[in-house]
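Positions are given from 1 along the sequence. None of the values given here were measured: they were computed from a predicted structure. All heavy atoms count here, side chains included; hydrogens, waters and symmetry mates do not.
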Amino acid sequence: MIEWAVEDGTLRVTDADSTELSVRGGTLAVDGAGPDIPRPVDETVAVTTDELRFPHAVAYAFSLGAGEQHELDPDGSPLSLSPGEYVVDVDAEIKTYLRFSGRATIEKTDGYEETVVTFPNRVRVILGFRSHHELPTGTITVPDDPESIATAITHLSASHKTDGPDRTYPTLRGHPALLESGDELSIPDEIRTEHAPAGIELIVPADYESLFVTAPLAYYLQATVTTRKSTASGPDYVTLRLPEHGIERRLSAMPDLERDVERLLRKVFFFDCLVRNAGPYSTELAERRLLEVLDLDAEDLYEASPQRRLATYLEISDAAIEHRLPDWHLATYVSPDYGSVDALPFLLDRMSLLYMPRTSELEGKELVERSLEDFYRGGSRSNAGRVASVDIVKPELRNGRVHGWLADGVPIDVFKTTREAYRNRLDFLERSRDATSICVVLNDPDMAGEHDDVATIYRQRSEELSMDVTVEESLTTAELARVFEREYDFVHYIGHCETDGLRCPDGNLSTSTLERCNAQTFFLNACGSYYEGMGLIENGSVAGAVTFSKVLNDHAVKVGSTFAKLLVHGFSIERALDLARRRIMMGKDYAVVGDGTHSLTQGEHRVPITITLEELEDEPTGAEYLATFDCYSTRVTGSYYFPHVEANDVAYLCGSQSNFTVTESELVTVLEETEASVIYDGDVYWSTTLASQFDG
């Protein structure tokens, strides 16, 4: 769903996920809804102007007459288009297309803050917008029966907008239909109509473990899933069939099936990301050279059927590409039972690998961080209340940059999610609002330092995005309850938490007593706030940050201020907290509950970037640094990024790190032009702040 409005000469576009795009122009006149254009879009708007300004974005132009593509050079050199019919692709937070006739110039501003399209004269332009996030269409009812679950999984890929390599673009994979329990299988006619089988088959043992583990592969391949009854003759395996090519590939039985699915999905997705560049949405990828090394014809594979393309990929050994595969973004550990089935569409929408949950007890060094007792937030023992204890276990983690836990137990190093959290996210997507609303609550005056820091951060960001910031102090239990019951997008609570709730001047508030929590996300920066955070999720929230036990006061300030900075610049809840807790020794005492992949706002870059800096030995010409760019997202898998380094002229797939050696003056330019978190000298900084520490 796309909505647009004109305000002070600016076209403001928003989608159901509160993502916002501002399109400006000196003489911009909006004429109203526009005609269709030859690209998949949700909404079109006709405008008349001589200039269009977008936030920083990758851009390229496709000539409809000549069939040629022209890409805006990432080094900032302008792209001049001769007279003709064009569709220009602006890869902003909301996917944008421009269709027009005539001559145009596309360029970036000096600080890489904007992408500008200019025309010699005022011209009519059709703007097409497509949301990166969609609501699910329809609901499939499934009984407690593996065969019916297999059929339902088969139809979840009906949300794909193509069966070609372009489905690696997140905007061409719609949200799968919902699954809900019922007495019999029921698939709506519109889902059956949209479902387009790719001719690929997966025959899976009739058990929930195998069905869950293979679901991401089946969803991406648009495969038809059927079940096979287990036999007493030995381990039951999965069969992958390509009937048109006479190919039958045996995958392992559980638990080795997890490894086989991971390898195959990563391989297929990676090659599709490379092959898609033979189509109309191409960009110059650093990894694309691998196709030449392996003697693969991108143009031929782009036009091939899903079966033939997969057959070609299967011929390539895993060893030939294993070291080149980008890191997979997300792994979720799911209880393999009927009660977890309704979470599958949300996990597949994020393209998460699915694994079985296995744990062990914490031991050795992992226990040290949890054994300190002095100087914790909460004051001396005489005035600090009892903090709720949480029994933590160690999860057996597999491949993934981010890990979610949808099972029993409370593990470290993962976000603890629930089925309710995903359903809650849909409720917030459908909520209409004009700006992101934030409430900062200070319920202990001794913690005013963190309060002042985070309030300043949120207010500064509100100057750049539509954001309303409210600050409250010393709230009673009734007043704090009203804060959580109001429709805030984020509540940052600074104070204390005890076994019976969040401390207030007149007592403690237990979040389990709330009739409904309408706060979308939260940070309970207080000792032992895990159970109160879970209470907020169960009562309506999507995700939030909590603590497992007592935390040092100065540590809490560091984590709170860094988390705030990252959150309002587009980092997901889990990634923001993961970076923030690196600043302290006891980082494992902080965790995320709910859907950790959820983001509060958008950033300057659609996929947030982290740069790791390492100072190299002094060269005769001056200091040099190794800058490692790390860009991945749990929301828009399949995207790419451009490191803004003078020596770079290619893009990289998200999940692939890129390394550059830069001088000190080049480093200052990188930090000033790239809004990013930076890991340097054992701490985490914001790039524009760190830039001032270097002479340049």
Side-chain angles (χ1 to χ4, degrees), residues 142 144-157 160 163 176 179 185 195 197-272 306-318 322 325 328 331-338 340-341 343-345 347-348 351-358 396 398-400:
V142 289
D144 187 358
D145 168 56
E147 184 177 355
S148 298
I149 302 300
T151 303
I153 291 173
T154 296
H155 285 81
L156 292 182
S157 63
H160 289 352
D163 64 1
L179 298 180
L185 178 67
H195 177 237
I200 299 168
E201 300 175 7
L202 275 172
I203 299 96
V204 180
D207 61 73
Y208 282 117
E209 288 190 354
S210 300
L211 283 168
F212 279 29
V213 169
T214 55
L217 181 64
Y219 169 70
Y220 181 70
L221 292 179
Q222 295 163 274
T224 299
V225 184
T226 56
T227 57
R228 177 178 54 229
K229 297 295 183 182
S230 299
T231 65
S233 60
D236 213 347
Y237 55 86
V238 170
T239 303
L240 172 66
R241 297 184 66 242
L242 308 180
E244 291 181 5
H245 295 266
I247 294 175
E248 188 168 298
R249 175 72 61 92
R250 177 182 294 189
L251 305 183
S252 301
M254 288 291 295
D256 292 338
L257 177 62
E258 294 176 332
R259 178 203 60 210
D260 288 359
V261 168
E262 173 210 315
R263 289 178 176 176
L264 183 53
L265 179 57
R266 292 178 68 198
K267 173 195 282 189
V268 174
F269 194 88
F270 175 60
F271 276 119
D272 273 356
Q307 282 198 55
R308 185 162 72 85
R309 204 167 57 250
L310 178 57
T312 301
Y313 298 161
L314 290 174
E315 294 175 357
I316 301 166
S317 70
D318 292 340
E322 188 171 8
L325 293 177
W328 199 254
T332 309
Y333 305 82
V334 187
S335 294
D337 52 50
Y338 181 57
S340 300
V341 167
L344 285 178
L347 302 177
L348 298 183
M351 285 293 294
S352 176
L353 287 166
L354 302 185
Y355 296 105
M356 296 301 99
R358 306 181 187 98
E396 181 184 315
R398 266 79 81 186
N399 189 285

Inset, instruction - Indicate whether any N or O donor in one side chain lies under 3.5 Å from an N or O acceptor in the other, for Y208 and D144. - result: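 Per modelled atom types, Y208 and D144 side chains form a pair under 3.5 Å.
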Inset, instruction - Determine whether the side chains of Y355 and R398 contain a donor N or O and an acceptor N or O closer than 3.5 Å. - result: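 Note: Y355 and R398 side chains miss the donor-acceptor criterion.
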Legend entry - side chain to side chain contact (heavy atoms under 4.5 Å, CB included) evaluation trace for L257 with Y237: CA-CA 8 Å; L257 177 62; Y237 55 86; over 6 Å; no
Straight-line distance of [X] [atom1] to [Y] [atom2], nearest 0.5 Å:
X: D272; Y: Y313; atom1: CG; atom2: OH; answer: 4.0 Å
X: E209; Y: D236; atom1: CD; atom2: CG; answer: 12.0 Å
X: L202; Y: L217; atom1: CG; atom2: CG; answer: 5.5 Å
X: F270; Y: I316; atom1: CZ; atom2: CD1; answer: 10.0 Å
X: L344; Y: L179; atom1: CG; atom2: CG; answer: 6.0 Å
X: L240; Y: E201; atom1: CG; atom2: CD; answer: 9.5 Å

Check for a donor-acceptor pair, side chain of [X] on one end and backbone N or O of [Y] on the other, with a separation under 3.5 Å.
X: H160; Y: Y219; answer: yes
X: T227; Y: P146; answer: no
X: D163; Y: A198; answer: no
X: D337; Y: S340; answer: yes

Legend entry - T154: side-chain contact (heavy atoms from CB on, under 4.5 Å) partners, not counting sequence neighbours: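 side-chain contact (heavy atoms from CB on, under 4.5 Å) list for T154, sorted by chain: H195, T224, V225.
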Legend entry - Partners meeting ring pair (Phe, Tyr, Trp, His ring centres under 6.0 Å) with Y220 (sequence neighbours left out):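 With neighbours one apart ignored, the set is F269.
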Over all heavy atoms of both residues, which pair between [X] and [Y] is shortest? Give the atoms and the distance, please.
X: G199; Y: P243; answer: O-CD, 3.2 Å
X: R266; Y: W328; answer: CG-CE3, 3.7 Å
X: R228; Y: I203; answer: NH1-CG2, 3.3 Å
X: P306; Y: I200; answer: O-CD1, 4.1 Å
X: S317; Y: K267; answer: C-NZ, 4.3 Å
X: L211; Y: I153; answer: O-CD1, 3.9 Å

Sub-4.5 Å side-chain heavy-atom contact between [X] and [Y]:
X: L314; Y: L264; value: yes
X: R358; Y: P255; value: yes
X: S148; Y: T151; value: no

